[in-house]
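Each remark here refers to the structure printed beneath this line.
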2 protein chains.
Amino acid sequence: MPHSTHVTLAQVAAAAGVSIATASRAINGSTRKVSEDIRQRVAQTAEELGYLPNLSAQTVVKGAAPVVAVLVSDIADPYFSSISAGVMAGAREAGLMVTMATSERRSEDELEMIRTFRAQRPRAIIVVGSRQEPDERTAEIENQLQTYRDSGGHVVLISQGPSPFDLVEIQNYDGAKQLAHALVDRGGRSFGIAAGRRSLRTNVDRIAGFTDGLAERGLSLADGAIAEAPFTRDGGFTAMTELLGRREELQLDTVFATSDLMAFGAATAMRSAGVIPGQDISLAGFDNIALAEDVTPALTTVDVPLEEAGYRAVKLALAEDPAPESLQLGTSVILRGSTPQR
Amino acid sequence: MPHSTHVTLAQVAAAAGVSIATASRAINGSTRKVSEDIRQRVAQTAEELGYLPNLSAQTVVKGAAPVVAVLVSDIADPYFSSISAGVMAGAREAGLMVTMATSERRSEDELEMIRTFRAQRPRAIIVVGSRQEPDERTAEIENQLQTYRDSGGHVVLISQGPSPFDLVEIQNYDGAKQLAHALVDRGGRSFGIAAGRRSLRTNVDRIAGFTDGLAERGLSLADGAIAEAPFTRDGGFTAMTELLGRREELQLDTVFATSDLMAFGAATAMRSAGVIPGQDISLAGFDNIALAEDVTPALTTVDVPLEEAGYRAVKLALAEDPAPESLQLGTSVILRGSTPQR
DNA sequence: AGCCTAAAGGAAAACGTTTACCCTATGCAA
DNA sequence: TTGCATAGGGTAAACGTTTTCCTTTAGGCT
């Protein structure tokens, strides 16, 4: 039995002895004015009856829902949840709701979720960094986003340019390069990288930045010094285990994990192999998630303003400017105990 | 310019040469059948035109949105984001979207968000563990949820009974009690608790369970052995610092932090005071969040099936059974290096 | 007094769906 | 042949809003 007990605007209007039109204007405002006494009377009856406007009905006539939709890979991952926190803060400021979906890192789900988003007519769609290498499915996704934007929606991609959409970019390349410099300064000479899949741009950029940073210091990576695995905590464990298998031949003294989460897994992998992170082998991550300073040794990493990225994405989406914009968010190296001077 | 380029059902119907009713039945099914050839033709034109049903319009007539709404305190907190992950999994199985809001642990915001939720006519509202001590505002919140349920909605509270609503409860009391036993078995004698605010039931239960567990072993807490602070990582730091100030008088050998996050903060507080966690003072947490095993020393804690809690909450909300149900999720102690045998 | 304008209320048309109801053709039993 | 059920199409009413007009009233000018 739907439509059961919801109080409708018509009921409020009747109870207040005015027309529906007037009630609407009194409650949700409009260009048109309503005399103060009537406005008050309507507001009061609405309050008494416990009236709540039906958002869907408003959306149908207005053509857009007061909603920003966010697509992330995995909300349990602190990287994404931090960004989400920023999105929610921005949405709240703008008086919008947030609908969220996870793609579980599968592009078929990503496509499906974006179609569902579109059906909701949200004010903006924000897609967070799960961009894969282009294939026919990502093309279709881009297509969906295009037509969504053509129909008046706003699209912002976080950490995955280049693209025709608004971008909030994180300086992965620069950050990784600076990290490389810092690690060399700390005495690192033989490096390994515990990397997430290179199908994700984020990883590609971090690897490239790091490699180039080493090159600028006259160093290079040995063959097999990059171990690739899923971009998760467990992936870090796997990749590190693989690197440790080549420890002698690589003469590993420092490992860069392309995310803090991977670094955590890597540290645990080291310990289970009897290697002490920060002592036997230096370890650095990327992202500076909340817990990076709480582990032992505290993790050297690159600070990324994740929450700000989410926040700015909303602002960008809601800005007037029709020209596609790209926002660069700076990163900064944070040296901690996991990479002592050698 | 709203209503701009969205393809409508009427357009599809026209293009396919059928009535709107038939198009509707062909695309979204119903009790009524549609001949196979027409169904195909409509489906194909819809595809060609890129038709997407307007969810809001459907919601208006159906009376409920295909949505489950989730209210959490802070999505960046791994406790809440893990639960959210479970909710999203459950929602996806049921073919529902998820709209999420954060209360930032303020009950005024909580009230506001719940009203906004209601305006959306979601199929279910799930509120996660931010329940405070009863006051006039929480009463109003309960009120809102009541009338929401009366109008056909489903409400599930996670980790915050007792209440007239469906409940997914986490055995905080039992888990904490078992943890106390285990810590005594490991040789702990003088305990401290770094606790979150007792305005949250979760904390009350965990403290009570732990205290009672100690009592069952003939031990009791000294005066001032409970330090209360915000239920966050920083709160853990604060509470631990406070406990360390009374270290001598308390003869502290073991500290229980009422969440893993607090435990992380507590560990860092120890180290900044020159105390080595797990060696000088044993440390245990609660929740078993993903990173608990990656810190050093690995954190002894109580495993809580967070993701399952979220998942089950959705199932519970969507179940037929009208009688309020309460689901108990078991916990289990996980002993790790932070609480060595003494 | 007469006229015009502005202010503010109401009636009704939209918005994009679903669904109750109506209509026609077809098949089948008597 | 008649009667009748049924399958499957269409028309139009609903859902709860906003907004476009239309209408009335009041007030200010000349």
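Throughout, protein chains are lettered first and strands after them, A, B, ... in sequence-line order, and every chain is numbered starting at 1.
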Could you check how far [atom1] of [X] sits from [atom2] of [N], rounded to whole Å?
X	N	atom1	atom2	answer
B/Lys62	D/dA13	NZ	P	22 Å
A/Gln11	D/dG16	CD	C1'	11 Å
B/Ile27	C/dG16	CD1	C1'	12 Å
B/Arg121	D/dG16	CZ	C1'	9 Å
B/His6	C/dG16	NE2	P	9 Å
B/Arg32	C/dT17	CZ	P	19 Å
B/Leu9	C/dG16	CG	C1'	8 Å

Would you check if there is a donor-acceptor pair between the side chains of B/Gln40 and B/Gln44 at a distance under 3.5 Å? no
Quick one: do the B/Tyr51 and B/Gln11 side chains pair a donor with an acceptor below 3.5 Å? no
Quick check against the 3.5 Å criterion: does [X] have a side-chain atom that pairs as donor or acceptor with the backbone of [Y]?
X	Y	answer
A/Ser82	A/Pro78	yes
A/Ser151	A/Thr147	yes
B/Arg149	B/Val155	no
B/Arg137	B/Glu110	no
B/Tyr148	B/Ala124	yes
A/Arg115	A/Gln144	no

Can you list, by residue number, the residues of residues 15-23 of chain A that have a non-hydrogen atom closer than 4.0 angstrom to DNA chain C?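 Correct list: A/Val18, A/Ser19, A/Ala21, A/Thr22.
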Which parts of residues 33-44 of chain B get close to DNA chain C, meaning a heavy atom less than 4.0 angstrom away?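 When residues 33-44 of chain B is checked for heavy atoms under 4.0 Å from DNA chain C, there are no hits whatsoever.
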NA contact type, B/Leu52, heavy-atom cut-off 4.0 Å: base, sugar-phosphate, or nothing?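 Sugar-phosphate contact only.
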State which of D/dG10, C/dT19, D/dG16 makes the closest approach to the side chain of A/Asn54.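 Closest of the options to the side chain of A/Asn54: D/dG16.
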Nucleotide of C/dT18, C/dA20, D/dT18 approaching B/Arg25 most closely (side-chain heavy atoms):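 Selected nucleotide: C/dA20.
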Shortest non-hydrogen separation from B/Phe117 to B/Thr99 and the atoms involved: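 That closest heavy-atom pairing would be CE2-OG1, 3.5 Å.
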Between [X] and [N], does any side-chain N or O lie under 4.0 Å from OP1 or OP2?
X	N	answer
A/Asn28	D/dT17	no
A/Thr8	D/dC15	no
A/Ser24	D/dT18	yes

